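What you see is a predicted model, and the numbers here were worked out from it, not measured in a lab.
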Amino acid sequence: MPQHLRVLLSPFFILLLFVIGSVYVSTLPEIWLAVLPWAPYFLSITALFMAWHFNKGRVFVAVLIVMAALWVPSYLKQDHNLPLVPTVLALTWLSLMRERGCLNRFTFNRIFLFAVLFAWWGALQTGWVKLPTTVPLMGGEALDGRTEFIESVLSLGLIGLSITLLLALWWRRVDHFSACILGTVVGIILINVLPITRLHETILFSALLFLWVWQLLLESRHMAYRDELTGLPSRRALNDAMAALPSNYAIAMVDVDHFKQFNDTYGHDMGDVVLQMVAKTLERYRGPAQAFRYGGEEFTLVFRGKHVEGAPDQLNWVREEIEEVPIDVTTARGQEKVINVTVSIGWAVPEAGDDPSQVIKRADEALYKAKKKGRNCVVGRA
Ligand SMILES: Nc1nc2c(ncn2[C@@H]2O[C@H](COP(=O)(O)OP(=O)(O)OP(=O)(O)O)[C@@H](O)[C@H]2O)c(=O)[nH]1
């Protein structure tokens, strides 16, 4: 499944699950129905605590925005009149901001900014502030049909623009945060347009808050199991994968040739670009083999089951493909040129009684032989 759809899967699946659940909510025992109104508060405290723990200021603020959407109307005693426009605007605005950690001046500034936005909406709703009828904005008292019409068009325009922007951000970033913001905005719109009771509304708000708890769980998993530079699964993920291998498998170790020299000549940043390029090429072989960053300039490919047979050919293709990628570099004298890097590969399959760590050791020995042979080659050790 394409990565774009994969990141959207969990937010929209959670939403769908809660929407279906809300249909059957009235069949729940009394005790559950009594507890349900507390669910959003419990979930928001959990999400806020987790966001603080993982130092995710944007998630912290997103949860507060969802809570404001739930809480502000009941505070104003205006049930079922959700602050739709300020909520969507605040979430969109937030997704344009960079992650800058939690509980610092950036987070407090953002909370203040969005609090002003909600306070403005509340003031207009309650009539504390009255705009001239020619300035229709976010619930300003509509004195005639024309003003009401302009106000609706303006609200729809702002929401449409926000959704377009959020879709563009999701498409560009392909990350869980953008997907969760999209899910939250869709959820808020659903709550606003569906003819639902207060109880259903509570369940849908719980869905939106659960979505953020889930996002933080995914994020923590991502931090533990993904290599930050290349985006590949990390050594820890490889250890887990090795514990669940079938009987027929092969492990290949891929190492960039003369990488120290490359770093010394073109700089560490260019070295990082090379590692990202190698990772991207290895990722393309996701079908037959799973790629991991083993550490430093070393990568691991794991072939399982029927793919083991084709491993030598696949490894040669990988090697050739990496060799063909042109890399633009600047020399110490400021000259620009295009170069190519190569990799050496050693691979092995298990012998009777071998555990995966022994197979990795033998693949490493094969890699050593490939280096000795002159590099840019594949050596297999069955
Ligand atoms: N840019 C960059 N360099 C790294 C990273 N991790 C490790 N390195 C560098 O990778 C280099 C590893 O070099 P060696 O293992 O000695 O490899 P080599 O001797 O140059 O090349 P071979 O003999 O062909 O393996 C060291 O200079 C490390 O600093 C990283 O994440 N980014």
Side-chain angles (χ1 to χ4, degrees), residues 3 225-227 229-263 271-327 339-382:
Q3 185 66 9
Y225 286 92
R226 287 270 153 184
D227 170 58
L229 176 69
T230 60
L232 284 183
S234 63
R235 178 84 164 263
R236 181 173 291 158
L238 174 65
N239 290 341
D240 283 5
M242 288 203 312
L245 284 173
S247 56
N248 189 21
Y249 68 92
I251 294 180
M253 302 301 284
V254 181
D255 188 284
V256 183
D257 295 329
H258 300 299
F259 195 53
K260 185 176 177 328
Q261 195 185 330
F262 184 95
N263 265 338
D272 284 353
V273 171
V274 167
L275 294 178
Q276 284 166 336
M277 177 278 285
V278 172
K280 220 177 203 173
T281 311
L282 297 180
E283 261 276 275
R284 266 194 260 132
Y285 286 84
R286 195 187 293 161
Q290 192 182 3
F292 301 85
R293 185 173 181 197
Y294 191 75
E297 85 295 14
E298 215 171 348
F299 297 86
T300 308
L301 282 172
V302 176
F303 295 84
R304 295 176 173 85
K306 64 178 171 37
H307 297 298
V308 172
E309 219 174 290
D313 288 341
Q314 296 283 353
L315 291 171
N316 258 313
W317 284 338
V318 168
R319 183 188 60 74
E320 282 168 14
E321 208 157 303
I322 290 172
E323 192 183 7
E324 277 164 21
V325 177
I327 299 168
I339 59 158
N340 301 81
V341 293
T342 60
V343 292
S344 301
I345 303 178
W347 65 280
V349 295
E351 287 172 1
D354 265 358
D355 66 29
S357 61
Q358 284 164 310
V359 181
I360 287 197
K361 199 162 163 251
R362 289 198 292 107
D364 247 338
E365 287 163 12
L367 172 64
Y368 183 71
K369 281 192 178 166
K371 294 274 178 186
K372 282 257 166 198
K373 252 176 95 174
R375 297 177 174 85
N376 192 18
C377 61
V378 179
V379 172
R381 218 184 123 184

Residues in side-chain contact (heavy atoms from CB on, under 4.5 Å) contact with Asn340, at least two apart in sequence or another chain: none
Residues at least two apart in sequence or cross-chain that pass salt bridge (charged side-chain N to carboxylate O under 4.0 Å, His left out) with Arg284, listed by chain then number, are Glu321
Partners meeting side-chain contact (heavy atoms from CB on, under 4.5 Å) with Tyr225 (sequence neighbours left out): Arg221, Arg236, Ala237, Asp240
Any Val341 side-chain heavy atom under 4.5 Å of Met277 side chain: yes
What's the separation between atom CD1 in Ile322 and atom CG in Leu282, rounded to the nearest 0.5 Å? 5.0 Å
Where Ala250 and Trp347 come nearest, the two heavy atoms and their spacing: CB-CE3, 4.4 Å
Pro233 and Arg226, any side-chain heavy atoms less than 4.5 Å apart: yes
The side chain to side chain donor-acceptor pair (under 3.5 Å) partners of Tyr294 (sequence neighbours excluded) come to Arg235
Which residues pass the salt bridge (charged side-chain N to carboxylate O under 4.0 Å, His left out) test with Asp354, not counting sequence neighbours? Arg362
For Glu283 and Leu232 the tightest heavy-atom approach is CG-CD2, 3.3 Å
Listing, residues 298-314 side-chain donor-acceptor contacts under 3.5 Å, not counting sequence neighbours, or none:
| residue | atom | partner | partner atom | Å |
| --- | --- | --- | --- | --- |
| Arg304 | NH1 | Gln290 | OE1 | 3.2 |
| Arg304 | NH2 | Gln290 | OE1 | 3.3 |

Between CE of Met242 and CG of Leu245, what distance do you get to the nearest 0.5 Å? 7.5 Å
CG/Asp272 to CG/Leu229 distance, rounded to the nearest 0.5 angstrom? 4.5 Å
Can you sort out the partners of Arg319 under salt bridge (charged side-chain N to carboxylate O under 4.0 Å, His left out), two or more places apart, ordered by chain and number? Glu323
Taken to the nearest 0.5 Å, the spacing of Leu238 CG from Ile251 CD1 works out to 6.5 Å
List the residues meeting side chain to side chain donor-acceptor pair (under 3.5 Å) with Asp355, not counting sequence neighbours, and say none if there are none. Ser357
Over all atoms of both residues, closest heavy-atom pair of Ala370 and Cys377: O-SG, 3.5 Å
Sequence neighbours excluded, the answer for side chain to side chain donor-acceptor pair (under 3.5 Å) partners of Ser247 is none
Excluding sequence neighbours, so at least two apart, what forms side chain to side chain donor-acceptor pair (under 3.5 Å) with Thr281? none
Under 3.5 Å, sequence neighbours excluded: what are the donor-acceptor pairs made by side chains of residues 254-263?
| residue | atom | partner | partner atom | Å |
| --- | --- | --- | --- | --- |
| Asp255 | OD1 | Lys371 | NZ | 2.7 |
| Asp257 | OD1 | Ser344 | N | 3.4 |
| Asp257 | OD1 | Ser344 | OG | 2.6 |
| Asp257 | OD1 | Lys371 | NZ | 2.9 |
| Asp257 | OD2 | Thr342 | OG1 | 2.7 |
| Asp257 | OD2 | Ser344 | OG | 3.4 |
| Asp257 | OD2 | Asn376 | N | 3.1 |
| Lys260 | NZ | Asp264 | OD2 | 3.2 |

